[in-house]
Amino acid sequence: MISDAMNALLNEQVTHEFGASQAYLAMACKFDQMALKNLASYFRKQTEEERGHALKLLDYVLEVGGRVTLKAIPAPQHEFPTVKAAIEAALAHENRVTQQIHELVVLAEKEKDFATRSFLQWFVDEQVEEVSSMSHLVQLAELAGPNLLQLEAVVVRATEND
Ligand code: FEO
């Protein structure tokens, strides 16, 4: 039901989502080691969400009779000069994923693959939410400046409202 090109691009996206999951897990560990438990908890939750995205894509490939080919996941970055730099890296990651999802949409439309186009809409909407949440977190990190305890204090409330 899907073309080889679409199958390959969906498989690539599975790897990207697992890559995001690993990247956020590394950040969660870093924050935990810095005693920033709320930020660690936020990124640990993101880790699970990204894994969920990967599995959702993988299940779709299986459902439409495609072939799942898992690839190596790049090693995540563990060190960042500042907490804000780590959160900015997460935002850059989300922007990249948005671009990748849009490339899948472009291919689905070009191939008139309406089933995959419909399936991808969930990811398009999810990315709007994820970029918005991460942008908000970058803003909070900017406002807190060097006061990481203040960032810790607001991160739970802020992310609950996102
Ligand atoms: Fe699955 Fe946050 O992109």
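Counting begins at 1 with the first residue of the sequence. Here the structure is a predicted model, which is why all the values come from computation and not from measurement.
Counting heavy atoms of neighbouring residues, nucleotides and ligands inside a 6.0 Å radius, atom CZ of R117 exceeds 12 of them. Around CG of D4, the count of heavy atoms belonging to other residues, nucleotides or ligands within 6.0 Å does not exceed 12.
The shortest distance between side-chain heavy atoms of L9 and Q100 does not fall below 4.5 Å. Between Q121 and D125 there is a side-chain heavy-atom pair separated by less than 4.5 Å. Counting only heavy atoms from C-beta outward, the side chains of L58 and L70 approach each other to under 4.5 Å. By the 4.5 Å heavy-atom criterion applied to side chains, E103 and L107 are not counted as neighbours. Looking only at side-chain heavy atoms (C-beta outward), M34 and L148 come within less than 4.5 Å of each other.
Separation of atoms CD (Q13) and CG (L57) is listed at 6.0 Å; rounding is to 0.5 Å. From L137, atom CG reaches atom CG of L151 across 6.5 Å, with rounding to the nearest 0.5 Å. Within the model, atoms NZ of K71 and NE2 of H16 stand 9.5 Å from one another, a figure rounded to the nearest 0.5 Å. Note that NE2 of H102 is 10.5 Å distant from CD of E109, once rounded to the nearest 0.5 Å. Taking CD1 from I87 and OG from S135, the interatomic distance works out to 11.5 Å, rounded to the nearest 0.5 Å. Taking CZ of F18 as the start and CD of Q22 as the end, the distance is 9.5 Å to the nearest 0.5 Å.
With N7 contributing its side chain and R67 its backbone, the two residues share a donor-acceptor pair below 3.5 Å. Remark: the backbone N or O of E94 is paired with a side-chain donor or acceptor of T98 at under 3.5 angstrom. Side-chain atoms of S21 come within 3.5 Å of backbone N or O of T47 as a donor-acceptor pair. Side-chain N or O atoms of S41 include none that pairs as donor or acceptor with a backbone N or O of K37 at under 3.5 Å. The backbone N or O of L39 sits less than 3.5 Å from a side-chain atom of E152, completing a donor-acceptor pair. The closest donor-acceptor contact from the side chain of S118 to the backbone of F114 lies at 3.5 Å or more, if one exists at all.
Grouping the Ile, Leu, Val, Met, Phe, Trp and Tyr side chains by contacts below 4.5 angstrom, directly or via other members, places L36 apart from L25. Cluster annotation: V131 and F123 are assigned to distinct hydrophobic clusters (Ile/Leu/Val/Met/Phe/Trp/Tyr, side-chain heavy-atom contacts under 4.5 Å, transitive). Linking Ile, Leu, Val, Met, Phe, Trp and Tyr residues whenever their side-chain heavy atoms come within less than 4.5 Å leaves V106 and L10 in two separate clusters.
For the pair K30 and E79, the salt-bridge criterion is met [side-chain N within less than 4.0 Å of a carboxylate O]. The pair R44-E48 fails the salt-bridge criterion, with no side-chain N (NZ, NE, NH1 or NH2) lying under 4.0 Å from an Asp/Glu carboxylate O.
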Between Q150 and L143, is a side chain to side chain contact (heavy atoms under 4.5 Å, CB included) present by the stated rule, with each step listed?
-> CA-CA 9 Å; Q150 197 173 26; L143 288 172; over 6 Å; no
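Across I101 and Q127, no two heavy atoms sit closer than the pair CG1-CG, 4.2 Å. Scanning both residues, P76 and A23, for their nearest heavy atoms gives CB-CA, 3.7 Å. Closest of all the heavy-atom pairs between V68 and N11 is CA-OD1, 3.6 Å. Contact between L120 and A108 at its shortest, heavy atoms only, is CD1-CB, 4.3 Å. The two residues M1 and D113 make their nearest non-hydrogen contact at O-OD2, 4.5 Å. A86 and M27 make their closest contact through O-CE, 3.4 Å (heavy atoms, listed as atom of the first residue, atom of the second, distance).
By the ring pair (Phe, Tyr, Trp, His ring centres under 6.0 Å) test, F31 is found to be paired with F43, residues two or more places apart in sequence or in another chain being considered.
Between the side chains of N95 and Q99, no donor-acceptor pair of N or O atoms lies under 3.5 Å.
When each of E17, H53, E130 is paired with V97, the side-chain contact (heavy atoms from CB on, under 4.5 Å) condition holds for E17 and for no other.
For the ring pair (Phe, Tyr, Trp, His ring centres under 6.0 Å) condition, the pairs that include at least one residue of residues 56-93, sequence neighbours left out, are Y24-H93, Y60-F119.
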